[in-house]
Amino acid sequence: MNKKLLLVSLLMVVCCVLLIALGIRHENTTPAGGSDGGSTSQQVQQESEDVPAPITATLAVCGDVMSHSPQTNDAYDAATDTYSYLPCFQYVQPWIEGADFAVANFETTLNGPPYSGYPQFCAPDALAHNMKDIGFDLVTTANNHSMDKGFNGVVRTLDTLDAAGLQHMGTYRTQAELDENQGVVVADVNGIRVAFLGYTYGTNGIPVSAENDFCINRFNTDYTSECTTLDEAKLTRELSYAESLGVDLIAVMIHWGIEYQTTENAYQDQVADFLLQNGADLILGSHSHVPQPMMERTVTLADGSQKTGFVCYSLGNFVSNQSPATVNVNYTDTTAILNLELTKDFATGETTVTNASYVPLLVLNRGAGAADQYVILDVHKGMSDYEAGDTSVISASVYEKLKYALDGCHNILGTEYDIANQEASNAA
């Protein structure tokens with residue numbers, strides 16, 4: 001009996017020794033940074049999976065949307081007593097629809113009939129509805145023609161845009177409407193939150209009454225005269241409010257510069273720098289009726305650090321009756337759709353413009369009496385179709401106009417931003 005107990009005891013001791021040895025071996029083979037002092041490889045992998053992958057979005061930007069009297073007449077269908085601008089937009093609609101978010105400068109009022117063109121614009125309501133139909137999401141209504149039909153015109157324009165489902169900023173119906181968001185519209189651009197603000201240099205000398213002073217955003221205090229005194233207090237306050245909303249980017253759509261000049265002036269540079277220094281990331285300009293340059297622009301902040309934003313001084317007329325034949329100014333029929341690729345990196349918390357490109361366009365006026373007198377043509381597609389033998393839309397004379405528009409875009413906006421050049425470079 002004692003021998004059996006002794007044998008059992010010895011077996012138990014041997015088992016204990018083996019278990020201890022196996023435990024030591026397991027401890028020695030545990031990866032560095034294990035449970036006693038850091039994350040295992042599985043934990044590291046889990047943490048990396050918790051950070052979402054970067055997301056990208058495309059913001060499409062267009063220039064001045066106008067309706068001169070010949071355009072309004074062309075949009076009219078006597079058989080149905082209705083207006084439609086859809087034929088004008090048919091060739092560029094894919095670019096607008098294809099973007100995650102599309103914006104433009106709405107440079108007319110919607111005050112109801114009778115309709116009028118220059119110098120005091122009033123277009124049919126169909127223009128707003130058709131812009132929504134082709135994919136536009138937001139327009140700025142702050143420009144030098146905002147007050148063409150007075151305060152009532154401002155109100156009816158906004159009512160009509162609301163009915164069409166188009167977001168807007170830059171003009172307001174009441175003080176409360178302005179105060180509600182300090183003139184800021186926050187848009188969800190495929191998961192990226194962008195704050196938009198809209199301003200104009202002036203109102204063509206039309207004064208805004210004291211009781212309706214809220215109705216239009218002006219960035220100059222001397223908006224009826226010299227238009228050279230920046231309203232720094234207003235801009236600082238509203239940009240600061242936009243920053244307080246925790247958005248990813250701030251975009252300012254601004255009506256500025258000198259008409260028919262293909263380069264920006266010193267005051268535009270001054271205003272651009274002020275906006276960038278006070279929170280803006282994107283500056284999207286209009287008013288010149290011809291294209292002006294686009295570029296990355298770097299400023300020095302108050303703490304000595306530097307900040308880079310993207311500035312497009314002007315895209316010219318997205319659609320109008322203006323052309324070298326009607327106003328004797330080159331490139332008034334030359335424009336582009338600017339496509340900005342926005343990327344939000346969750347690991348760094350930063351959102352940046354990771355690419356900028358443009359689609360060159362020509363606003364073709366086929367002449368009075370022509371069916372669909374006005375059409376906006378994709379320059380590259382039109383030239384490619386013609387070169388392949390398709391003359392259903394592009395004739396020899398129109399092909400020459402397309403080449404002229406392409407040269408204008410390259411000379412003013414830069415060849416490096418041309419989407420066809422970027423695609424060719426990526427394919428090489």
With a 4.5 Å heavy-atom cut-off, do [X] and [Y] have their side chains touching?
{"X": "Asp188", "Y": "Arg193", "result": "no"}
{"X": "Leu235", "Y": "Leu275", "result": "yes"}
{"X": "Leu342", "Y": "Thr56", "result": "no"}

Taking only residues two or more places apart in sequence, or in another chain, which ones meet [X] in a salt bridge (Lys or Arg N to Asp or Glu O under 4.0 Å)?
{"X": "Asp372", "result": "none"}
{"X": "Asp159", "result": "Arg173"}
{"X": "Asp273", "result": "Arg297"}
{"X": "Lys344", "result": "Asp248"}

Under the ring pair (Phe, Tyr, Trp, His ring centres under 6.0 Å) test, residues paired with Tyr76 that sit two or more places apart: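 Partners of Tyr76 under the ring pair (Phe, Tyr, Trp, His ring centres under 6.0 Å) test: Tyr83.
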What residues form a ring pair (Phe, Tyr, Trp, His ring centres under 6.0 Å) with Phe101, not counting sequence neighbours?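 With sequence neighbours excluded, Phe101 shows a ring pair (Phe, Tyr, Trp, His ring centres under 6.0 Å) to Phe196, given in chain and number order.
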Could you work out, with side chain to side chain contact (heavy atoms under 4.5 Å, CB included) as the rule, every residue matching [X], not counting sequence neighbours?
{"X": "Asn73", "answer": "none"}
{"X": "Asp77", "answer": "Ala79, Thr80, Thr82"}
{"X": "Thr263", "answer": "none"}

Evaluate Asp333 against Lys401 for salt bridge (Lys or Arg N to Asp or Glu O under 4.0 Å), listing each step before the verdict. CA-CA 10 Å; Asp333 56 355; Lys401 291 182 179 181; over 6 Å; no
Is it true that Asp407 and Lys403 make a salt bridge, defined as a side-chain N closer than 4.0 Å to a carboxylate O?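 A salt bridge is absent here (no side-chain N lies under 4.0 Å from a carboxylate O).
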Carboxylate-amine/guanidinium contact Asp74 Arg366, below 4.0 Å: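 No, this pair does not count.
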Using a 3.5 Å cut-off and no angle test, enumerate the donor-acceptor pairs between side-chain atoms of residues 164-171 and protein atoms at least two apart in sequence or in another chain.
residue : atom : partner : partner atom : Å
His168  : NE2  : Asp162  : OD1          : 2.8
Thr171  : OG1  : Thr141  : OG1          : 2.6

Ignoring hydrogens and geometry beyond distance, is a side-chain donor-acceptor pair present between [X] and [Y] at under 3.5 Å?
{"X": "Thr354", "Y": "Glu341", "answer": "yes"}
{"X": "His289", "Y": "Asp64", "answer": "yes"}
{"X": "Gln175", "Y": "Asp213", "answer": "no"}

Ring pair (Phe, Tyr, Trp, His ring centres under 6.0 Å) pairs, two or more places apart, involving residues 316-363: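 Sorted pair list: Phe136-Phe318, Tyr331-Tyr404.
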Within residues 195-212 or reaching into it, pairs that qualify as side chain to side chain donor-acceptor pair (under 3.5 Å) - sequence neighbours excluded: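 As it turns out, the side chain to side chain donor-acceptor pair (under 3.5 Å) pairs with a partner in residues 195-212, which skip direct neighbours, are Asn144-Asn204, Tyr199-Glu238, Ser209-Asn212.
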